[in-house]
Amino acid sequence: MRIGIFDSGVGGLTVLAAIRRRLPGVDLLYLGDTARVPYGGRGARTVKRYALECAQWLVDQGCDHVVIACNTASAYGVEAVRSACSPLPVTGVVFAGAESAASAAGAEGPILVLATRGTVSSQAYLRALNETLPARQIRQRACPLLVPLVEEGWPSGDVLDGVIDHYLSDLLRPTPAALILGCTHYPVLKEHLAKRLPEGLPIIDSSEAIAETLEAMYPDARVGAGHTRLCFTDDPEASRAAIQTIYPAGLSGADQVKLA
Ligand code: DGL
């Protein structure tokens with residue numbers, strides 16, 4: 001059993017790590033499209049094309065399941081990837097995160113979604129949340145500065161605090177019911193963010209949500225060798241520092257690959 005996971009770059013390593021914790025026995029193949037990152041500010045058609053190319057590469061490597069770890073790629077491309085990969089199962093991070101938020105949010109209060117510009121414009125979280133909570137207010141905010149702060153290794157400090165307050169200060173009234181970390185990089189900031197949010201607010205880590213979904217699908221995948229292979233479309237050395245910040249297990253054995 002081999003699960004293929006793709007992302008626009010290195011942020012999806014948060015998803016890889018969460019899946020590895022829950023499914024220690026499964027083989028994981030990670031593809032980070034570092035040659036074309038970021039996806040978050042690109043248009044829908046471009047992101048969809050990139051997503052299809054990444055998914056096809058994973059299928060060509062013999063993966064049995066494709067996971068779209070990138071929120072932006074999942075927001076714009078999940079349906080296209082699903083039909084291209086059929087009959088292989090495809091799971092996107094957006095739906096998993098929305099499902100988890102819907103069950104964590106109490107009876108009232110808006111659900112907040114922090115994400116890239118692309119994910120926000122796609123309205124994918126909004127649609128997914130509305131399936132379960134049709135009348136609930138959803139407040140979305142694009143937070144483009146958070147990705148470079150994580151990649152530069154600044155997961156705390158005054159600069160980060162200023163950026164968080166800038167993005168969040170007008171979203172905290174009325175009191176929200178849950179907050180979705182709708183971008184691969186944000187789980188790195190979870191603990192720090194929690195300190196600046198109302199106490200007890202459920203923070204939905206979409207990397208954990210998708211790992212939970214997979215664990216439910218593959219209950220036997222706890223046993224096995226559990227090989228991990230990391231592949232990137234640019235030289236992995238160029239992303240060494242960011243990889244180390246997000247995935248301390250590190251770079252060893254990472255390969256550069258070319259998509260067809
Ligand atoms: N992986 C992207 C996401 O989760 C964030 C980085 C990017 O903009 O490519 O939306």
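First listed ligand is number 1; within each ligand, the first listed atom is number 1. Remember, predicted model here, so these are calculated numbers, not experimental data.
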* Asked: How long is the gap from OG on S206 to OH on Y125, to the nearest 0.5 Å?
  -> 4.0 Å
Sequence neighbours excluded and cut-off under 3.5 Å, please list the side-chain donor-acceptor pairs for residues 133-155, or say none.
from: R136; atom 1: NH1; to: G106; atom 2: O; distance (Å): 3.4
from: R136; atom 1: NH1; to: G109; atom 2: O; distance (Å): 2.9
from: R136; atom 1: NH2; to: G106; atom 2: O; distance (Å): 2.6
from: R136; atom 1: NH2; to: A107; atom 2: O; distance (Å): 3.1
from: R139; atom 1: NH1; to: R173; atom 2: O; distance (Å): 3.2
from: R139; atom 1: NH2; to: D170; atom 2: O; distance (Å): 3.1
from: Q140; atom 1: NE2; to: Q123; atom 2: OE1; distance (Å): 2.8
from: R141; atom 1: NH1; to: Y167; atom 2: O; distance (Å): 2.5
from: R141; atom 1: NH1; to: D170; atom 2: OD1; distance (Å): 2.9
from: R141; atom 1: NH2; to: D170; atom 2: OD2; distance (Å): 3.3
from: E151; atom 1: OE2; to: H185; atom 2: NE2; distance (Å): 2.7

* How about D158: does its CG atom have over 12 heavy atoms from other parts shown lying under 6.0 Å from it? -> no
* Qualifying residues under ring-ring contact (aromatic ring centres under 6.0 Å, His included), relative to Y218, sequence neighbours excluded -> H65
* **Residue shell around ligand 1, heavy atom under 4.0 angstrom** => D7, S8, V37, P38, Y39, G40, C70, N71, T72, T116, C183, T184, H185
* Given V67, which of L16, I19, V90 fulfils the side chain to side chain contact (heavy atoms under 4.5 Å, CB included) condition? -> I19
* Provide the full list of side-chain hydrogen bond (donor to acceptor under 3.5 Å, both in side chains) pairs with a residue in residues 34-45, sequence neighbours left out, each pair given once. => D33-R36, D33-Y39, R36-E53
